[in-house]
Every structure is written in structure tokens, then in C-alpha cells.
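I have placed the structure first, in the form of C-alpha cells, so that the comments after it can refer back to it.
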There are 2 protein chains.
Amino acid sequence: MSEKALHELAGRYRESLRRAVYLIRSLDVDDDLSTGQVSTLNIVAEGPVRVSEIARKAGVRVPSATEQIIRLENAGLVQRTQDDKDARAVLVSLTAKGDAALTSANHARNIVLGDGLAQLTQAERDAIAGAIGPMNKLNSALTGSTP
Amino acid sequence: MSEKALHELAGRYRESLRRAVYLIRSLDVDDDLSTGQVSTLNIVAEGPVRVSEIARKAGVRVPSATEQIIRLENAGLVQRTQDDKDARAVLVSLTAKGDAALTSANHARNIVLGDGLAQLTQAERDAIAGAIGPMNKLNSALTGSTP
DNA sequence: TCCTAACTATTAGGCTACCTAAGTATGAGT
DNA sequence: ACTCATACTTAGGTAGCCTAATAGTTAGGA
């Protein structure tokens, strides 16, 4: 593919992503969790995770992750415990309340987004479904993140 | 498509978009413009635009648009003029400096993203290219925005 | 052993960007 | 002319991100 064509595609994709970011934000509807908080909870949900690991997966610096975690801890959604094997490390895990809030938040967002997807044709949904893999690969290639 | 399948697709797409936010941020490399500023400049570039129109297209409230515009104006990238036909309205347009900065910023970002796209296979690029239309349609369906 | 370098997390301070509510000025309709 | 709606700005507040500095822990070599 020519360099010019790559740049043209990059421009169109970039614009589409910019708008999709607002779409994502518009999904924070009724609950009191922000998109960023839901993302952090989704990371924590995979098991007790270190702060540095959360930061890496979320694509932010460690102090930003600490800040998010403190907010979530104050809301009673996560808890911090010491790592037995490394006294420097802190392990973050979901509380029961956090687990419930996350399930509910994911469900609410998937319903709204699912409604939008239902308005597309099957071919359009297939196109989006088929792009997710390549999008993730592109994300990894450019941000170096390993989700 | 079943409701369950829609929600499953919604979940995967949502996760991909979440990570794409960080991709977008990683494109702000060397220049002094943020992603939001580039977006605003891109909107303004289409011609003299009202503040309310900028807010609508950017998916933010009017005061947020005003704030962005003031920042850009202070940087000499846009100018505000009165609308002859409606003394309440303010028309925002690019300055020569803003036009140059926008061209440069778009170019720099397209190069970085283009490099990432170049690492994909042709089939993967085609998948992304094919999803842009449906993604935009979905964005419009859910946010009510008319880009 | 001990000393230094590396690592993990937090705190402190600062910035952008978003929001709602309130204020000012203009336009449009009755 | 009066009223209501529209367009924007101002004021005040919050979330979320950053860098720099700090405290404690670990690991590895002299």
C-alpha cells in the first residue's frame, strides 16, 4: 500500500476514533462510574493486580493509577492488600460491591451500545466485528501495551 | 442477531475503543497541540464556524468549546469575529498560523498512525478500512451528531 | 555483610478539559 | 414593547493526567 494511501486511511480512521471516544463517553449514563473507572475495574477484575500493572494495562503512569485506585477504594469498590512476596508491592482486588457495580456498569453500557449496533445492517456489524482484531493489533503495535 | 450476541460484540468493541483512546493520545508526539486541540482545529478548518456548532461537532458543551477556542486564540491559531447577520453569534476561523499548525499536526499524526497501519497485513488494513463507515454510522446513531 | 542501585508505590503540585449555573446581549414572536 | 428563546461568556468546581520528589523494599556486588 502506498504511503499516501496509508496516510489517507490514517486520517479517516483517526477521525472515526475521535468520534468514537465521545460515543464511549456518552455511554456513562445513569450510574456513577466514569468510563475510566469502569476500565480500571475491568482490569482489576482479572484478579489481584499490582498498581504498576494496572497503570501499564490502562496506559497511564503509576501515580495516575494510584489516584484512580484511591478513588475506587473510597467508593468501596476495590481493596488494597500487601503482597506477601514483595513488601513493596500492593495488590488491588475487587470487593463484592465492586464486582456488582462492574457487572451492572458493563451490562448497562453493552445494552446501550448493543442498541446502536442493532440499528446497523448485519453486513455493517460484521465489518465492525472483523475490524476488532486488527484494531487491537494496531493498538498494541503503537502503544506497546499488552492487554 | 441475538441480543446476547449483540452484547458480546458491544463488549469487545468497547474494550477495543477504550484502548484506542490511548492510541490516539500516543499520537500527540512532538508538537504542542493536544488531541482535543487538533480536533477543534479540524472542525474550524471547514470554514468560519459558530461556537455552538463547534461544541456540537466536538460533542462537548458550549462553555467547553469557548474555553478551547480562547486557548487556541491565545496561541494565535484561530480568530473570533462577529457574525454580521446575528450579533449574538461569534464566528471562529483559522489564522494562517493555525492553518499551518493544523496541517503539520495532521501530517505528523498520520505518519505515526500510518507506520502502525503499515505493520498490519493488507487484509487487516482492509478490515479496518471497511469498518470506518459502519463505525461512523454507529457514532451518529448513538450520539445524534451530524459530523 | 553492607552499600548501592533498582524497583514499587505514594504524595505534592500543576495543568487541561470537562461540567453546571448564572450572567450579558441580541433576536424573534405576539 | 414585552417576553421568551438563543448565543456566548464567566465563575466555580471536579476528574484525570502529568512530572518531580519521597519513603520503603529488594537485589546484587565488593
Side-chain angles (χ1 to χ4, degrees), chain A residues 18 21-29 31-41 43-44 48-75 77-93 143 145, chain B residues 18 21-41 43-44 48-75 77-93 143:
Chain A
R18 182 187 68 75
V21 170
Y22 291 108
L23 181 155
I24 291 255
R25 189 183 318 148
S26 76
L27 298 179
D28 322 0
V29 271
D31 54 44
D32 38 357
L33 293 174
S34 72
T35 300
Q37 288 177 318
V38 174
S39 295
T40 304
L41 287 178
I43 292 168
V44 173
V49 200
R50 289 185 167 199
V51 173
S52 51
E53 182 72 1
I54 293 172
R56 196 182 59 77
K57 286 188 177 173
V60 300
R61 303 290 176 184
V62 171
S64 306
T66 295
E67 188 180 328
Q68 277 279 8
I69 290 159
I70 288 173
R71 220 186 305 271
L72 291 170
E73 190 178 41
N74 290 339
L77 303 180
V78 305
Q79 57 200 352
R80 285 190 282 188
T81 52
Q82 286 296 320
D83 186 341
D84 291 337
K85 290 159 192 158
D86 187 341
R88 294 170 300 178
V90 169
L91 293 177
V92 183
S93 51
T143 62
S145 74
Chain B
R18 181 188 69 74
V21 170
Y22 296 106
L23 182 154
I24 292 246
R25 188 184 318 147
S26 75
L27 299 179
D28 321 358
V29 269
D30 290 332
D31 53 45
D32 39 355
L33 293 174
S34 72
T35 300
Q37 288 177 318
V38 173
S39 294
T40 304
L41 287 178
I43 292 168
V44 172
V49 200
R50 289 185 168 200
V51 173
S52 51
E53 182 74 0
I54 292 171
R56 194 182 59 76
K57 287 188 177 174
V60 300
R61 303 289 176 184
V62 171
S64 306
T66 296
E67 187 179 326
Q68 277 279 10
I69 290 159
I70 288 173
R71 218 184 304 270
L72 291 170
E73 190 178 40
N74 290 339
L77 302 180
V78 305
Q79 56 199 352
R80 285 190 284 187
T81 52
Q82 287 295 320
D83 185 341
D84 290 340
K85 291 158 192 162
D86 186 342
R88 294 169 302 178
V90 170
L91 293 176
V92 182
S93 52
T143 62

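First the proteins, then the strands, lettered A, B, ... as listed; each starts at 1.
In terms of position on DNA chain D, the residue among A:Gln37 and A:Ala87 whose nearest nucleotide sits closer to the 5' end is A:Gln37. Residue-to-nucleotide proximity on DNA chain D shows that, of A:Lys85 and A:Glu67, the 5′-proximal contact is made by A:Glu67.
Distance, B:Ile69 CD1 to D:dT10 C1': 15 Å, rounded to whole Å. Separating the CZ atom of A:Arg80 from the P atom of C:dT8 is a distance of 17 Å, rounded to the nearest angstrom. To the nearest angstrom, P of D:dA15 lies 21 Å from CD1 of A:Ile24. The distance between atom CZ of A:Arg61 and atom P of D:dC17, rounded to the nearest whole Å, is 12 Å. Distance, A:Asp86 CG to D:dT26 C1': 7 Å, rounded to whole Å. Here the P atom of nucleotide D:dT6 and the CD atom of B:Glu53 are 16 Å apart, to the nearest Å. Between the CZ atom of A:Arg50 and the C1' atom of D:dT26 there is a distance of 11 Å, given to the nearest Å. For the pair B:Ile54 CD1 and C:dC18 C1', the computed distance is 16 Å after rounding to whole Å.
Checked against D:dT10, C:dT16, C:dT11, the side chain of A:Pro63 finds its nearest nucleotide in C:dT11. Considering only side-chain atoms of A:Val60, the nucleotide from C:dC18, D:dC17, C:dT10 that sits closest is D:dC17. With C:dA9, D:dT9, C:dT16 as the choices, the nucleotide that has an atom nearest any side-chain atom of A:Ala89 turns out to be C:dA9.
Contact annotation for A:Val62: base contact, defined as any heavy-atom pair under 4.0 Å involving a base atom.
Among all heavy-atom pairs drawn from A:Asp83 and A:Arg50, the shortest one is OD2-NH2, 3.7 Å. Across every non-hydrogen atom of B:Gln68 and B:Gly36, the tightest pair is NE2-C, 4.1 Å.
Distances shorter than 4.0 Å separate none of the side-chain N or O atoms of B:Ser52 from OP1 or OP2 on D:dT6. The phosphate of C:dA6 (OP1 or OP2) has no side-chain N or O of A:Arg88 nearer than 4.0 angstrom. Neither OP1 nor OP2 of C:dT16 sits under 4.0 Å from any side-chain N or O of B:Ser34. For C:dA17, the OP1/OP2 oxygens have no side-chain nitrogen or oxygen of B:Ser64 closer than 4.0 Å. An OP1 or OP2 oxygen of D:dC17 is reached within less than 4.0 angstrom by a side-chain nitrogen or oxygen of A:Gln68.
At most 12 heavy atoms of other shown residues, nucleotides or ligands fall within 6.0 angstrom of atom CZ in A:Arg61.
Between B:Arg71 and B:Leu77, every side-chain heavy-atom pair lies at or beyond the 4.5 Å cut-off.
Using a cut-off of 4.0 Å between Lys/Arg side-chain N and Asp/Glu carboxylate O, A:Asp86 and A:Arg88 are scored as salt-bridged.
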